[in-house]
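One structure below.
Residues take their numbers from the sequence shown, with the count starting at 1.
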Amino acid sequence: MESVPVRCPVCRRDHAYITPVYPCPCGAPTAPPLMRGAPAVPLTHRTWDDDWVSVRCHSCGRRDQWPHPELCCPCGAVLRIPVRPVATHGVAPPTTPGPSHIPLPRTAAHPRPSFRPLVIRTARDAVSTAALYLRWLGYRDVVQPEARPSSRIDLRAAGLIAQVDATTRPTPLRDVECLWLNALNSSVSGVLFSLAGYTDEARSRADGLAIPLFVLDLTGTPQPVNGSADELISRGP
């Protein structure tokens, strides 16, 4: 982990900021490259685009979006730590280039019986169907809270959280990013279910973050819509 000195431009207090480390899908630890000596900038207005920064994995060369490093000063100021931009030229490609996502064959470790769907008539039925499906996949201790928490997490299981979007509009990009951040903070995986499908931006970000996406039809049968969902069906928890 890299540590850099940071001075708050509001109260002039000095801090030692430690770079957050995130797991790349290849398994290697990845951290945003901080700009030593560059002044921190007080954050006065937050946008989703500015909250993310491009980071390249030094092991596999994969480029992903990660949360922009921030520091909360005791004076109340939120400081954005400057990050070196990822070079777009002069970077050698991996020795053995290949697709960033290779679906696994659809062969589960243990054969499962056929999934018995639950007809969806209400939003609660959609959550119940997702819970049944996660149990069918092999997740243990699937818990469905009586009331939806502020985090919008509808289901929890051992090593997993899941969100179910039962609205009639396609699930947006923000829902994917919120689920990913909640899963990252809890050190678990995340899965998303939707009745109306997903926007193109949401599907693209889910592919980059390796979040399984499923669509629920009214018969209660979840269908995978990206490679991560196919892999989850193949390998299970």
Side-chain angles (χ1 to χ4, degrees), residues 21-30 55 57-66 94 96-118 120 126-144 151-165 171 173 175-195 197-198 202-217 219-237:
V21 177
Y22 305 103
C24 176
C26 76
T30 307
V55 179
C57 176
H58 293 291
S59 295
C60 68
R62 180 189 177 104
R63 178 173 171 174
D64 277 320
Q65 297 291 310
W66 301 101
T96 56
S100 59
H101 174 81
I102 303 176
L104 296 178
R106 282 201 178 201
T107 53
H110 301 285
R112 306 186 189 99
S114 299
F115 176 69
R116 300 181 64 180
L118 172 69
I120 297 175
V127 177
S128 298
T129 295
L132 288 174
Y133 192 75
L134 292 176
R135 295 188 183 100
W136 177 77
L137 286 175
Y139 284 96
R140 297 177 292 104
D141 305 323
V142 179
V143 177
Q144 180 180 346
S151 63
R152 301 186 67 191
I153 299 305
D154 298 290
L155 297 167
R156 295 182 180 273
L160 180 87
I161 57 176
Q163 181 178 328
V164 182
D165 185 0
T171 301
L173 168 65
D175 283 15
V176 172
E177 293 176 334
C178 286
L179 174 68
W180 177 76
L181 284 174
N182 278 315
L184 187 67
N185 290 333
S186 303
S187 299
V188 296
S189 300
V191 178
L192 196 55
F193 296 85
S194 175
L195 273 177
Y198 304 85
R203 290 189 61 170
S204 177
R205 181 57 58 86
D207 288 341
L209 298 175
I211 295 178
L213 302 180
F214 292 89
V215 167
L216 296 168
D217 60 26
T219 66
T221 305
Q223 298 293 335
V225 296
N226 66 351
S228 295
D230 284 328
E231 285 190 3
L232 181 58
I233 295 173
S234 297
R235 60 176 170 77

Original post:
Quick one: does Asn226's side chain get under 4.5 Å of Tyr198's, heavy atoms only?
Top reply: no
Original post:
When rounded to the nearest 0.5 angstrom, what is the spacing between CZ in Phe193 and CG in Asp165?
Top reply: 12.5 Å
Subject >> Partners meeting side-chain contact (heavy atoms from CB on, under 4.5 Å) with Ala210 (sequence neighbours left out) >> reply: Ser228
**OP:** Drop me the distance from Thr30's OG1 to His58's NE2, to the nearest 0.5 angstrom.
**Re:** 8.0 Å
Subject >> Closest heavy-atom pair and its distance - Thr219, Pro117 >> reply: O-CB, 3.3 Å
Original post:
At what distance, to the nearest 0.5 angstrom, does CD of Gln163 lie from OG1 of Thr171?
Top reply: 7.5 Å
Original post:
Which atom pair, heavy atoms only, marks the closest approach of Val225 to Arg203?
Top reply: O-NH2, 2.6 Å
Side-chain donor-acceptor pairs of residues 127-135 under 3.5 Å, sequence neighbours excluded:
from: Ser128; atom 1: OG; to: Arg124; atom 2: O; distance (Å): 3.1
from: Thr129; atom 1: OG1; to: Leu118; atom 2: O; distance (Å): 3.2
from: Thr129; atom 1: OG1; to: Asp125; atom 2: O; distance (Å): 3.0
from: Arg135; atom 1: NH2; to: Val142; atom 2: O; distance (Å): 3.3

**OP:** Give a yes or no on whether the backbone of Leu209 and the side-chain of Asp64 come within a donor-acceptor separation of less than 3.5 Å.
**Re:** no
Original post:
Which heavy atom in Leu137 sits nearest to a heavy atom in Pro237, and how many Å separate them?
Top reply: O-CD, 3.2 Å
**OP:** Measure the spacing between CG of Leu213 and CG of Leu232 and express it to the nearest 0.5 Å.
**Re:** 11.0 Å
Original post:
Taking all non-hydrogen atoms of both residues, which atom of Ala157 and which atom of Tyr139 are closest, and how far apart?
Top reply: CB-CB, 4.1 Å
**OP:** Specify the closest pair of heavy atoms between Val215 and Leu195, including all atoms of both residues, with the distance to one decimal.
**Re:** CG1-O, 4.4 Å
**OP:** Considering non-hydrogen atoms only, spot the tightest contact between Arg205 and Leu173 and give its length.
**Re:** CB-CD1, 3.4 Å
